[in-house]
Amino acid sequence: MADQPEQQALDEVVEFTSDLIRIDTTNRGGGDCQERPAAEYAAARLAEAGLEPTLLERTKGRTNVVARIEGTDPSADALLVHGHLDVVPAEARDWSVHPFSGEIRDGVVWGRGAVDMKNMDAMILAVVRDWARQGVRPRRDVVIAFTADEEASAEDGSGFLADEHPGLFEGCTEGVSESGAFTFHDGSGRQLYPIAAGERGTAWLKLTARGRAGHGSKVNRDNAVTRLAAAITRIGEHEWPLRLTPTVRAALTELAALYGIETDLADVDTLLDKLGPAARLVEATVRNSANPTMLDAGYKINVIPGEAVAYVDGRCLPGAEDEFRTTLDRLTGPDVEWEFQHREVALQAPVDSATYARMRAAVEEFAPEGHVVPYCMSGGTDAKQFSRLGITGYGFAPLKLPEGFDYQALFHGVDERVPVEALHFGVRVLDRFLRTA
C-alpha cells in the first residue's frame with residue numbers, strides 16, 4: 001500500500017475539475033440554479049469508489065450529496081469534508097476563455113469554479129477514489145458533503161442539511177472546506193500558507209427610507225432619496241473600531257514573529273503597515289465592516305419617489321454583533337429603517353487543536369519552504385450552517401501557487417483558473433491530512 005496518491009489520482013483531479021467547470025451551476029440568488037447535474041456527477045464518482053452517496057433536495061434541482069467513509073477507530077470523532085457545487089455568475093465576453101469551457105491550456109485549468117470551489121470538490125473525489133484503489137481507510141469516519149446554494153443563502157444546501165438531516169453528520173465534531181492552505185507570496189521571497197480558523201459573521205442589510213412623493217420641480221423637505229443617500233454616506237464613511245479576536249491575535253503574533261517585528265497589539269494599524277503585503281491576510285478582519293452595494297429608487301426623473309431602498313454588505317466579528325446593531329441604528333438615523341436580509345453567525349476555531357496541527361504538518365511536508373499561519377476569513381462559508389450541529393470549521397483547500405498568481409483576486413473574478421500542479425499538490429496534502437486526522 002502506497003503512502004501517497006498514485007498517478008491516477010493526480011490525473012483524475014485535473015479531469016474532474018475540468019468536468020465540473022463544464023457543468024454550469026451558476027447561482028444568481030434567485031432560486032434558478034440547478035446543481036443536480038454536478039451532484040449526479042459527484043455521486044457517480046463516489047459510487048465508483050464503492051461508497052453509497054445520498055442525494056437530497058429541499059427544492060427540485062437544488063441537489064446535495066452526502067456519503068460516509070468508515071474509519072478504523074470507532075471511538076474517534078468523525079470529520080466533515082465539504083465543498084459547494086454552485087458558482088457565481090460569469091460574463092463570457094469579459095473572459096479570455098469561455099468561463100464554462102473547463103479548458104486546460106499551458107498547464108492551467110480555466111473556468112468559473114476553478115478556485116471557488118470545484119477544484120476542492122475534485123480533490124475530494126480524487127483522494128476518495130485513490131483510497132478505494134489502495135485499500136486505505138482513515139482513522140476517523142470521514143463524511144463527504146457536496147452542497148448546493150452556498151453562493152446565496154445556503155437554504156437549499158448546508159442549511160437544509162443541518163436542519164433537516166442532522167443524522168447524516170452524527171459524530172462529526174470538526175470540518176474542513178474552502179479558503180485555506182493556499183500559497184500567499186509576500187513579495188520578499190517568503191511563501192505563507194494561511195489556514196482559516198474563523199469567519200466573520202454575515203449581516204446583509206436592507207435599508208428603506210420613506211418620504212413624501214411629489215413633482216421633481218417642487219420644494220420637498222421629505223425626499224426619501226435624500227434621506228437614504230445621507231444614511232448611506234454615513235455608513236460608507238464610518239470608521240469601525242478595532243476588535244481583535246483570538247484567531248486574529250494569533251495571526252498577528254505569528255506573522256510578527258516571522259518578520260522579526262515587535263508584536264504591539266496596542267497599535268495594530270502600525271503593525272499592519274510593518275507587515276507589508278502580508279497584512280492583506282489580516283486587515284479585513286480586525287474590524288466590523290458595512291459596505292453599501294446596491295441602490296433602488298424612483299421610476300421617472302421628474303417624480304420624487306415616496307420610497308428609496310439600499311442594500312449593505314455587513315460583516316461582524318465574533319462577539320461584536322451588538323456593537324454592529326447599535327452603530328447601524330445611529331448611522332441610519334430616525335428617517336431610515338434597516339433590517340437583516342440575510343444573517344449568519346461569526347465563527348472561531350482553536351489554532352492549538354490536534355486537527356490544526358495535522359493540517360499544518362501536512363502542508364509543511366509538501367511545502368517545507370512555506371510558513372503556515374492562522375487567519376480569519378473576511379467572508380463566510382458553509383461552515384456557518386454546519387456549526388449548528390456543533391461542528392468546528394476550518395478553511396483547508398490546499399494549493400501550491402506560483403508567484404504572481406493572485407488567488408484571492410480570482411474568487412468571483414474574471415479569468416478564474418488554477419494550475420495543474422496546484423491541484424496535484426492539493427491532492428497530496430489533502431490525502432496526507434485525511435489519513436492522519
Side-chain angles (χ1 to χ4, degrees), residues 1-23 38 41-51 65 67 69 81-83 85 97 101-111 113-138 142 144 146 176-183 191 193 195 358-359 361-370 372 396-403 405 407 410 416-437:
M1 182 192 304
D3 62 356
Q4 287 195 35
E6 297 175 337
Q7 182 62 43
Q8 186 173 347
L10 305 184
D11 295 338
E12 283 188 343
V13 70
V14 179
E15 174 191 346
F16 296 162
T17 302
S18 178
D19 287 351
L20 286 167
I21 288 170
R22 287 199 294 270
I23 302 172
Y41 178 94
R45 304 291 83 75
L46 292 174
E48 290 166 359
L51 300 183
V65 182
I69 303 170
V81 183
H82 58 102
L85 297 169
V97 301
S101 68
E103 180 177 338
I104 304 170
R105 180 203 298 176
D106 299 327
V108 177
V109 185
W110 293 71
V115 298
D116 186 19
M117 65 172 297
K118 290 180 174 178
N119 61 332
M120 177 62 166
D121 298 337
M123 288 181 214
I124 296 167
L125 292 172
V127 168
V128 167
R129 290 164 61 86
D130 186 70
W131 284 1
R133 289 189 295 267
Q134 295 195 47
V136 172
R137 286 179 62 193
V142 173
I144 307 296
F146 296 114
V176 297
S177 189
E178 61 183 315
S179 299
F182 56 90
T183 318
Q191 297 178 25
Y193 284 85
I195 294 176
R358 287 166 180 146
M359 287 187 285
V363 171
E364 291 175 343
E365 178 174 346
F366 294 98
E369 73 287 356
V372 175
F396 187 75
L399 292 172
K400 185 173 179 59
L401 302 169
E403 192 162 6
F405 193 97
Y407 168 83
L410 292 178
E416 187 178 348
R417 60 200 184 274
V418 63
V420 167
E421 287 301 318
L423 295 172
H424 291 173
F425 173 85
V427 167
R428 293 186 178 103
V429 174
L430 185 63
D431 168 80
R432 180 51 49 90
F433 163 64
L434 293 177
R435 287 186 193 225
T436 59

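For reference, positions follow the sequence shown, starting with 1.
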Q: Are the side chains of Val108 and Val418 in touch, meaning some heavy atoms are under 4.5 Å apart?
A: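 No, too far: nothing below the 4.5 Å cut-off.
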Q: Which distance, rounded to the nearest 0.5 Å, do you find between the CZ of Arg45 and the CD1 of Ile124?
A: 15.0 Å
Q: Can you tell me how far OG of Ser177 sits from CE of Met117, rounded to the nearest 0.5 angstrom?
A: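 Rounded to the nearest 0.5 Å, the CE-OG separation comes out at 3.5 Å.
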Q: With a 3.5 Å cut-off and no angle check, do the side chains of Thr436 and Arg432 form a donor-acceptor pair?
A: no
Q: Between Phe396 and Phe433, is the gap from one ring center to the other below 6.0 Å?
A: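 Judged by ring-centre distance (under 6.0 Å), Phe396 and Phe433 do meet the cut-off.
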Q: Find the distance between NZ (Lys118) and CD1 (Ile23) and round it off to the nearest 0.5 Å.
A: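 Separation between the atoms: 6.5 Å.
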Q: Under 4.5 Å between any side-chain heavy atoms of Gln8 and Leu10, yes or no?
A: no
Q: Side chain to side chain contact (heavy atoms under 4.5 Å, CB included) for Leu401 and Gln191? Distances and angles first, verdict last.
A: CA-CA 10 Å; Leu401 302 169; Gln191 297 178 25; over 6 Å; no
Q: Calculate, to the nearest 0.5 Å, the distance between atoms CG and CZ belonging to Leu125 and Phe16 respectively.
A: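 One gets 6.0 Å once the value is rounded to the nearest 0.5 Å.
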Q: Rounded at 0.5 Å granularity, tell me how far OG1 in Thr17 sits from CG in Asp19.
A: 9.0 Å
Q: Tell me if a side-chain donor or acceptor on Glu416 pairs with a main-chain N or O of Ala114 at a distance below 3.5 Å.
A: yes
Q: Just checking, any donor-acceptor pair under 3.5 angstrom between side chains of Thr183 and Tyr407?
A: no
Q: Is it true that Lys400 and Glu421 make a salt bridge, defined as a side-chain N closer than 4.0 Å to a carboxylate O?
A: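 No, Lys400 and Glu421 are not salt-bridged.
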Q: Going by heavy atoms in the side chains, are Ser18 and Ile104 under 4.5 Å from each other?
A: yes
Q: For residues 123-133, which residue pairs pass the salt bridge (charged side-chain N to carboxylate O under 4.0 Å, His left out) check, not counting sequence neighbours?
A: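 Salt bridge (charged side-chain N to carboxylate O under 4.0 Å, His left out) check on residues 123-133 returns Glu12-Arg129, Glu12-Arg133, Glu48-Arg129, Asp130-Arg133.
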Q: Quick check: do Pro5 and Val127 have side-chain heavy atoms less than 4.5 Å from each other?
A: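 No, side chains not in contact.
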Q: How long is the gap from CZ on Arg435 to CG on Leu430, to the nearest 0.5 Å?
A: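 Result: 11.0 Å between the selected atoms.
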Q: To check you understand the geometry: which heavy-atom pair defines the closest contact between Ala122 and Val13, and what is its length?
A: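 Heavy atoms of Ala122 and Val13 come nearest at CB-O, 3.6 Å.
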Q: Where do Met123 and Leu423 land on the side chain to side chain contact (heavy atoms under 4.5 Å, CB included) test, with the steps shown first?
A: CA-CA 7 Å; Met123 288 181 214; Leu423 295 172; 4.3 Å; yes
Q: I'd like to know if Asp431 pairs up with Arg428 as an ion pair, taking the criterion as any Lys NZ or Arg NE/NH1/NH2 lying under 4.0 Å from an Asp or Glu carboxylate oxygen.
A: no
Q: Which pair of non-hydrogen atoms, one from Ile21 and one from Gly113, has the smallest distance, and what is that distance?
A: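 For Ile21 and Gly113, the tightest heavy-atom pair comes out as CG1-C, 4.5 Å.
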Q: On the ring face of Trp131, is Arg137 found with NZ or CZ under 6.0 Å from the centre and within 45° of the axis?
A: no
Q: Has Arg417 got a side-chain atom pairing as donor or acceptor with Val109's backbone, closer than 3.5 angstrom?
A: no
Q: Under 4.5 Å between any side-chain heavy atoms of Pro419 and Phe405, yes or no?
A: yes
Q: Looking only at non-hydrogen atoms, find the nearest pair between Val427 and Ala9 and report the distance.
A: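 Taking every non-hydrogen atom into account, CG1-CB, 4.4 Å.
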Q: Can you name the closest pair of heavy atoms from Ala67 and Leu46 and give their distance?
A: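 Nearest pair, atom of Ala67 first, then Leu46: CB-CD1, 4.2 Å.
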Q: Can you tell if the side chain of His82 reaches within under 4.5 Å of the side chain of Phe146, non-hydrogen atoms only?
A: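 A side-chain contact is absent here, since even the closest heavy-atom pair is not under 4.5 Å.
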Q: Going by heavy atoms in the side chains, are Glu178 and Met120 under 4.5 Å from each other?
A: no
Q: Run the numbers on Gln4 and Phe366 for side chain to side chain contact (heavy atoms under 4.5 Å, CB included), then give the verdict.
A: CA-CA 11 Å; Gln4 287 195 35; Phe366 294 98; 3.9 Å; yes
